[in-house]
Amino acid sequence: MRIEIVKGDITTQEVDVIVNAANSSLLGGGGVDGAIHRRGGPAILAECRKLRAGHLGRGLPTGEAVATTAGLLPARWVVHTVGPVWSSTEDRSALLTACHHNSLRVAAELGAESVAFPAISTGVYRWPLESAAEIALAAVRETPVVDLVRFVLFSDDALRAFTEARSRQP
Ligand code: APR
């Protein structure tokens, strides 16, 4: 499994799966979520609404992942996952790990070979970049179920955090 770390906009990535840093409502938001729905078009939200009307009536739990169409995005699917909000008193790293494991599991079940991840939880959810990068890279390495994982970072700080985390890992 190849792991790439690039700076860019996840909504332009030509991969099988683009992972969305969603919230449990699945009804959109800001950041990556807003960009994906804006660029992907209404088909994505329509499928999210169907999920909410069905087995995800109470929303998508933190750490879980679910796939929808990618709409107008250059991907085949969007896998929505809900990252944990950063807490300085509670260790929620297992939930951030689960986001990556479950997103890759859902992608592999669909037959996806390439997956693009944003830096989940590091925006509105305030997870420190260095810690998130270490957790994300370790989690992906534990789940070699696709050919390519591409971390798509939106800032130089995030790019540096992921690049340095990778250089520290075996
Ligand atoms: N491409 C790649 N990365 C992006 C993009 C983009 N187009 N837009 C933002 N990012 C980066 C941010 O810079 C941050 O590093 O994605 C990372 C995750 O930030 P958020 O999108 O804020 O996601 P998160 O911190 O997980 O918070 C999720 O924010 O947008 C709402 O609905 C969402 O409630 C949920 C919460």
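Order of appearance sets the numbers: ligands from 1, and atoms from 1 within every ligand.
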| message | Are there over 12 heavy-atom neighbours, none belonging to Glu109, within less than 6.0 Å of that residue's CD? | response | yes
| request: Answer yes or no: is there a side-chain heavy-atom contact under 4.5 Å between Val82 and Pro61? | output: no
| task | Give the residue, atom name and distance (to 0.1 Å) of the protein heavy atom nearest atom 25 (O) of ligand 1. | result | Gly123 N, 2.7 Å
| query | Under a heavy-atom criterion of less than 4.0 Å, does Gly83 contact ligand 1? | reply | no
| Which is closest to atom 32 (O) of ligand 1 in terms of heavy atoms, Ile120, Asp33, Leu26? | Asp33
| note | So CZ of Arg92 and OG of Ser131: to nearest 0.5 Å the spacing works out to 12.5 Å
| Backbone, side chain, both or neither: what part of Ala21 comes under 4.0 angstrom of ligand 1, heavy atoms only? | both
| task | Mind checking the CD1-CZ spacing from Ile44 to Arg49? Nearest 0.5 Å is all I need. | result | 12.5 Å
| query | Phe151 vs His100 aromatic rings, parallel, tilted or perpendicular, using cut-offs 30° and 60°? | reply | tilted
| Would you say the side-chain atoms of Thr68 and His80 include a donor-acceptor pair closer than 3.5 Å? | yes
| Distance from atom 31 (C) of ligand 1 to nearest protein heavy atom, with residue and atom | Gly30 N, 3.6 Å
| query | Between Pro74 and Gln13, is any pair of side-chain heavy atoms under 4.5 Å apart? | reply | no
| query | What protein heavy atom sits nearest atom 7 (N) of ligand 1, and how far away is it? | reply | Asp9 OD1, 3.0 Å
| Does any N or O atom in Ser121 lie less than 3.5 angstrom from one in ligand 1, N or O only? | yes
| note | of all protein heavy atoms, closest to atom 15 (O) of ligand 1 is Thr122 OG1, 2.8 Å
| query | Between Arg126 and ligand 1, does any nitrogen or oxygen pair lie at a separation below 3.5 Å? | reply | no
| said: Please enumerate all residues that pass side chain to side chain donor-acceptor pair (under 3.5 Å) together with Arg39, with sequence neighbours excluded. | reply: Thr11
| message | Side chain or backbone, does Leu129 bring an N or O within less than 3.5 Å of an N or O on ligand 1? | response | no
| said: Judged on heavy-atom distance to atom 35 (C) of ligand 1, which of Phe117, Tyr125, Trp127, Trp86 sits nearest? | reply: Tyr125
| query | So do the side chains of Trp86 and Pro128 get within less than 4.5 Å of each other, counting heavy atoms only? | reply | yes
| Phe154 to ligand 1: N or O pair under 3.5 Å? | no
| field | Exercise: do Asn23 and Ser25 side chains pair donor with acceptor under 3.5 Å | value | yes
| note | min-distance protein heavy atom vs atom 22 (O) of ligand 1 -> Val124 N, 2.9 Å
| Proximal ligand 1 atoms for Ala35, defined as those under 4.0 Å from one of its heavy atoms | 7 (N)
| message | If we only consider heavy atoms of Ala119, is any one of them less than 4.0 Å away from an atom in ligand 1? | response | yes
| query | Would you say ligand 1 has an N or O under 3.5 Å from any N or O of Ile10? | reply | yes
| task | To the nearest 0.5 Å, tell me how far Ile10 CD1 sits from Leu73 CG. | result | 9.5 Å
| field | Path from Val32 to Val15 over hydrophobic side-chain contacts below 4.5 Å | value | yes
| request: Could you say whether the N/O atoms of Ala22 and ligand 1 ever approach to under 3.5 Å? | output: no
| field | Worked verdict on Ser93 versus Asp91 for side-chain hydrogen bond (donor to acceptor under 3.5 Å, both in side chains) | value | CA-CA 6 Å; Ser93 48; Asp91 176 6; 2.5 Å; yes
| field | Contacting atoms of ligand 1, where contact means under 4.0 angstrom from a heavy atom of Gly29 | value | 30 (O), 32 (O)
| said: Would Pro118 count as being in polar contact with ligand 1, using the rule that some N or O on each side must be under 3.5 angstrom apart? | reply: no
| query | Are any of the heavy atoms in Val152 under 4.0 Å away from ligand 1? | reply | yes
| How far is atom 21 (O) of ligand 1 from its nearest protein heavy atom, and which residue and atom is that? | Val32 N, 2.8 Å
